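This one's a predicted model, so the numbers in the text were calculated from it and none came from an experiment. All values below come from the heavy atoms of this structure, side chains included, with hydrogens, waters and symmetry mates left out. Order of appearance sets the numbers: ligands from 1, and atoms from 1 within every ligand.
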Amino acid sequence: MISLRWRLTLWHLGLTIVSLVVFSIISYEVLSISLREEIDRTLVERANHVVDAIAVVPNRPIEGITTDRTDEFRSPGVYLQITNATGKVVSHSYNLGTQELPVDFFDDGRLSNNVNPYTTISISGQSVRLFHQPLVREGEIIGAVQVGQSYASLESTLSRLRMIYIGGILVVLMLGFFGGLMLASMGLRPLANIAQATSEIVHAEDLGSRVNYSGPKDDIGQLVLTFNAMLDRLQSLFEGQKRFMAEAAHELRTPLAAMIGNIDLLVRFQDDQESRVEAVGALQRTGRHVSRLLDDLLLLAQADAGWRLRLEPMWLDDVFMEVFESSRCSFDTHQVDLMACEPAYVLGDPDRLRQVLLNLIDNAVKFSPPNASIAMELKCLDNQVVARISDHGPGITPQNIERIFNPFFRGAKPQNHSGAGLGLTIARWIVREHGGELMIESQVGEGTKAIIILPEKPQP
Ligand code: ADP
């Protein structure tokens, strides 16, 4: 396959040559036509001059015109011949020697007006342009004046021009070829660098390579920037994946080690009923934890693979109320208050939205001190549904707040905290799947507000 560098060079060269050839042909033809027209005009003028000179002597018979007389009009490459009314040559210029100009304008022995006054003939191997004009005296044609001019100088001018054009085209061809090749190589060097960097990445499996480019920010510069930005993104995604895998393995290893420990206990204390009951209880708890963790990991993997939620029109206030009732009953250490619950019609997945609300309330309960109150509020505002869950816990530091949506991020660890740091990651993905947004606002020492904003659907 011919390389881009060569293709560009050849295209460039081809276009240059075609334009040059077209330009040369057109200008050559225009010049040639105008030079020939110029000769035709000169011939007419010359013939008129001779006719006028002959008319000065009105009564002299046409046969009396001598060669000397015709030679008065001589100039190099110019021929003159005078014929009588029957086409017989009565005089011609010296430079014709023994030759005569062909007299082909007589029809039936009479000078015809219908014949084209111009002809082109060959004399001694040279092209000669001829023009004839009738000699009229007292309304009667008494003969004709024939003038001719050689095309020799015109042809030598045109042949010089042809040489100049051919030479010029050859020079342009050479310059265009080498210049084009050089320019294409220079212009495409960054592309070669990109190809080099790509092959390094492929061979060394190193996403840390970047293309070095110090040229202007033109199309190529832009391409290099985009390519490097793509590598940055790929590298961060790849490293994110690796981190995710390592964290997931770590999260699973701890409970699995605990499970193996408990199984060992079961085997060892065959007769100790109390220890066996304790070990089975621990096994159940850890098993549930591992199962929850695997559910979360599976959901995140599905989200990464582009899996979408099935949304249907629903009343969010029903789900909100349900979550409030169940939270009020299950969290007897905290006081859960319902501040507002306006009717809110949305397009959503009720199970997933319930999961989000429960997760946020679970966090509020986990992170705030016993007996602290937690407020729930659902309002509709400007075609948006806003759900707020506020607590009076320790709050989140500004450094941590930037990372709380990262998978496996856990800040301060309260007692009995068993979360893997995936709750908010999943909650935000679910809310975004609904076309909404999940935000966390927090003040250290004052508390945290989790805010869900969803687009409101016009009520049926
Ligand atoms: P997990 O599933 O382990 O609870 P999350 O993703 O829900 O993890 O939360 C991540 C981190 O965000 C928590 O470890 C905690 O540090 C912080 N956080 C979340 N909610 C609150 C809250 N209401 N108050 C204080 N810190 C919070």
Side-chain angles (χ1 to χ4, degrees), residues 240 243-244 246-255 258 285-286 288-304 320 323-324 327-328 330-331 333-339 351-377 386-433 436-453:
R243 231 182 0 256
F244 187 86
E247 303 252 26
H250 177 77
E251 285 301 323
L252 283 170
R253 204 172 47 215
T254 319
R285 277 194 304 278
T286 338
R288 264 189 230 111
H289 172 72
V290 171
S291 156
R292 242 191 345 261
L293 186 61
L294 285 176
D295 280 349
D296 287 353
L297 287 174
L298 183 68
L299 186 68
L300 282 178
Q302 284 171 329
D304 252 7
F320 201 77
V323 171
F324 165 67
S327 309
R328 203 174 51 163
S330 40
F331 300 118
T333 51
H334 291 73
Q335 189 192 329
V336 183
D337 297 322
L338 184 68
M339 312 308 287
D351 291 338
R352 293 295 176 194
L353 288 174
R354 187 180 298 110
Q355 179 186 350
V356 173
L357 290 169
L358 281 172
N359 188 280
L360 296 176
I361 292 186
D362 188 52
N363 275 354
V365 170
K366 262 188 320 205
F367 294 101
S368 46
N371 301 323
S373 65
I374 292 158
M376 290 178 70
E377 184 186 83
V386 183
R388 271 195 198 86
I389 290 160
S390 326
D391 64 56
H392 295 97
I396 308 168
T397 60
Q399 299 96 295
N400 282 354
I401 216 154
E402 285 173 15
R403 299 190 288 156
I404 47 171
F405 291 110
N406 292 350
F408 303 109
F409 173 77
R410 278 171 296 199
K413 228 180 178 183
Q415 273 184 343
N416 298 328
H417 178 55
S418 58
L422 294 176
L424 286 180
T425 315
I426 291 173
R428 188 166 71 167
W429 175 76
I430 293 174
V431 175
R432 284 187 172 173
E433 276 293 290
E437 191 51 271
L438 169 64
M439 291 172 294
I440 302 286
E441 290 175 0
S442 190
Q443 283 281 318
V444 176
E446 282 184 23
T448 302
K449 272 195 188 84
I451 305 162
I452 300 171
I453 300 176

For L357 and R354, what are the C-alpha separation, side-chain angles and deciding distance, and is it a side chain to side chain contact (heavy atoms under 4.5 Å, CB included)? CA-CA 5 Å; L357 290 169; R354 187 180 298 110; 5.9 Å; no
Of the non-hydrogen atoms in F408 and E247, which two are nearest, and what is the gap between them? CD1-CB, 3.2 Å
Between the candidates G395, G423, A364, A450, which shows the shortest non-hydrogen contact distance to atom 2 (O) of ligand 1? G423
Less than 4.5 Å apart, side chain to side chain, heavy atoms only: is that true for V356 and I452? yes
Is any N or O atom of G421, backbone or side chain, closer than 3.5 Å to an N or O atom of ligand 1? yes
Judging by distance only, is a nitrogen or oxygen of D391 under 3.5 angstrom from one on ligand 1? yes
Atoms in ligand 1 with a heavy atom of F409 nearer than 4.0 Å: 10 (C), 11 (C)
Numbered atoms of ligand 1 (with element) below 4.0 Å of R410, judged on heavy atoms: 14 (O)
Do any nitrogen or oxygen atoms of P394 come within less than 3.5 Å of a nitrogen or oxygen of ligand 1? no
Would you find more than 12 non-hydrogen atoms of other residues, nucleotides or ligands less than 6.0 Å from M439 atom CE? yes
Only one of N400, T448, D391 passes side chain to side chain donor-acceptor pair (under 3.5 Å) with S442, and that residue is T448
If the cut-off is 4.0 Å to any non-hydrogen atom of K366, which atoms of ligand 1 fall inside it? 4 (O)
Numbered atoms and elements of ligand 1 in range of A420, under 4.0 angstrom, heavy atoms: 3 (O)
Ring-face cation of R428 near F405 (centre distance under 6.0 Å, axis angle within 45°): yes
Mark up the atoms of ligand 1 that fall under 4.0 Å of a heavy atom belonging to L424, in ascending order. 5 (P), 6 (O), 7 (O), 9 (O), 19 (C)
Rounded to the nearest 0.5 Å, what's the gap from CZ on R410 to CD1 on I404? Could you check? 14.5 Å
